[in-house]
**Student:** 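I have a structure I would like to understand better, so I am pasting it below and will then ask my questions one at a time.
Order of listing sets the numbers, starting from 1, for every ligand and every atom in it.
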Amino acid sequence: MTQIIDGKKISKEIKDELKEKVAALKAEGKEISLAVIQVGEDPASTVYVGNKKKACEYIGIKSLAYELPESTTEEELLNLVKELNERKDVNGILVQLPLPKHIDESKVIETIDRTKDVDGFHPANVGELVIGGPGFVSCTPAGIIELLKRSNIEIEGKNCVVIGRSNIVGKPMSLLLLRENGTVTITHSRTKNLKEITKQADILVVAIGKPRFVTDEYVKEGAVVIDVGIHRNEDNKLCGDVDYDKVAPLTSAITPVPGGVGPMTIAMLMNNCVRSIELQ
Ligand SMILES: Nc1nc2c(c(=O)[nH]1)N[C@@H](CN(C=O)c1ccc(C(=O)N[C@@H](CCC(=O)O)C(=O)O)cc1)CN2
């Protein structure tokens, strides 16, 4: 029978654990605060930023919201990041992506103090992941590892195939699976014979950014399928990169969209905020 991996439930468990930790830190006089910066009014970003603020409130983390207009210049944004880097009362800094086209995302990410980079996007934190150091790990891939572990799905020795090579998901995902002793193959939009490779996967992570791209033809019977995609269709309904109805019956476990990977991104962000106080 297929196990539907409930990201909403698991993320709630994690947030409850963090809430206790934050209360204990508060009792020692330590307060955690997260600066959340949004530039422009992309509707999806507004939902995600709102959910991040709600999660902070639930756990007991102070959130400082910076809602900047679309016309904000790169220099203005960099100056705000530099100011927040200096502030002793700010533990974490998050710049919601995507940024407007006139702002260089890499420049902004590199300007964030690496010890406040709770998104785990700074090159120094990515480097730590490569060498197995203690830096921050990107929240979505970290959340997927947590989903697998808390669902008692073994990674060690498994054939893990990742579709997608983005800096935020595909690349860190592959490194984390490797860290858990999986045998990892990275594939992408230019991979030849993709179906033949994905059919070998015991664990298939799909982050290709194309709605319902992965059908039953890509999946081995009994595989675990993790869907990172989020797309809104014509009827305003959400779907992932996986054609859930066709694929789910084949799998031993699968994440739904919504309610799978998405909520874990926010839970792991909260986890990184709690860790920030240890790393600083
Ligand atoms: N600075 C960052 N920007 C972006 C990140 C990130 O980790 N850091 N990731 C994504 C967006 N994202 C978080 O910011 C995110 C996406 C989706 C969800 C989520 O909970 N999705 C729900 C559905 C929500 C809906 O109704 O749309 C689900 O899948 O169940 C949380 C966070 C890009 N930008």
**Student:** Report, as yes or no, whether the 6.0 Å neighbourhood of atom CD on Gln3 holds more than 12 heavy atoms from other residues, nucleotides or ligands.
**Tutor:** yes
**Student:** Can you find a heavy atom in the side chain of Val261 that is under 4.5 Å from one in the side chain of Asp227?
**Tutor:** no
**Student:** How close does the nearest protein non-hydrogen atom get to atom 27 (O) of ligand 1, and which residue and atom is it?
**Tutor:** Arg232 NH2, 3.3 Å
**Student:** Please report which non-hydrogen protein atom sits nearest to atom 31 (C) of ligand 1, along with the residue it belongs to and the distance in Å to one decimal place.
**Tutor:** Gly262 O, 3.4 Å
**Student:** Do Val206 and Val161 share a hydrophobic cluster, counting only Ile, Leu, Val, Met, Phe, Trp and Tyr and linking them when any side-chain heavy atoms are less than 4.5 Å apart?
**Tutor:** yes
**Student:** Using a 4.0 Å heavy-atom cut-off, which part of Pro258 comes near ligand 1: side chain, backbone, both, or neither?
**Tutor:** both
**Student:** Take every heavy atom of Lys52, measure it against each atom of ligand 1, and state whether any distance is under 4.0 Å.
**Tutor:** yes
**Student:** Among all protein non-hydrogen atoms, which one is nearest to atom 2 (C) of ligand 1, and what is the separation to 0.1 Å?
**Tutor:** Asp119 OD2, 3.4 Å
**Student:** Heavy-atom count check: over 12 atoms from other residues, nucleotides or ligands less than 6.0 Å from Glu20 CD?
**Tutor:** no
**Student:** Do Tyr48 and Ile230 have side chains that get closer than 4.5 Å, going by heavy atoms?
**Tutor:** yes
**Student:** Heavy-atom distances under 4.0 Å decide this one: backbone, side chain, both or neither, for Ile230 against ligand 1?
**Tutor:** side chain
**Student:** Looking at side-chain heavy atoms only, is the closest gap between Val118 and Arg275 below 4.5 Å?
**Tutor:** no
**Student:** Starting from atom 25 (C) of ligand 1, what is the nearest protein heavy atom, named by residue and atom, and what distance separates them?
**Tutor:** Leu238 CD1, 3.7 Å
**Student:** Of the side chain and backbone of Ile266, name the one, both, or neither that has a heavy atom under 4.0 Å from an atom of ligand 1.
**Tutor:** side chain
**Student:** For atom 34 (N) of ligand 1, what is the closest protein heavy atom, and at what distance to 0.1 Å?
**Tutor:** Leu97 O, 2.9 Å
**Student:** Is any side-chain heavy atom of Leu99 less than 4.5 Å from a side-chain heavy atom of Lys107?
**Tutor:** no
**Student:** What closest approach, in Å, do Glu31 and Asn91 show between heavy atoms, and which atom pair accounts for it?
**Tutor:** O-OD1, 3.4 Å
**Student:** Does NZ in Lys220 sit with more than 12 non-hydrogen atoms of other residues, nucleotides or ligands closer than 6.0 Å?
**Tutor:** yes
**Student:** Please report which non-hydrogen protein atom sits nearest to atom 32 (C) of ligand 1, along with the residue it belongs to and the distance in Å to one decimal place.
**Tutor:** Tyr48 CD2, 3.8 Å
**Student:** I need the single residue from Glu13, Glu156, Glu180 that forms a salt bridge (charged side-chain N to carboxylate O under 4.0 Å, His left out) with Lys149. Which is it?
**Tutor:** Glu180
**Student:** Should you measure from each heavy atom of Val95, which atoms of ligand 1 turn up under 4.0 Å away?
**Tutor:** 1 (N)
**Student:** Quick check on Val257 - does any of its heavy atoms sit under 4.0 Å from an atom of ligand 1?
**Tutor:** no
**Student:** Look at ligand 1 and say whether Gly259 reaches it with a heavy atom at a distance under 4.0 Å.
**Tutor:** yes
**Student:** Looking only at protein heavy atoms, which one is nearest to atom 9 (N) of ligand 1, and what is the separation?
**Tutor:** Thr265 CG2, 4.5 Å
**Student:** Starting from atom 4 (C) of ligand 1, which protein heavy atom do you reach first, and at what distance in Å?
**Tutor:** Gln96 NE2, 3.5 Å
**Student:** Under 3.5 Å, N or O to N or O, is Thr140 touching ligand 1 that way?
**Tutor:** no
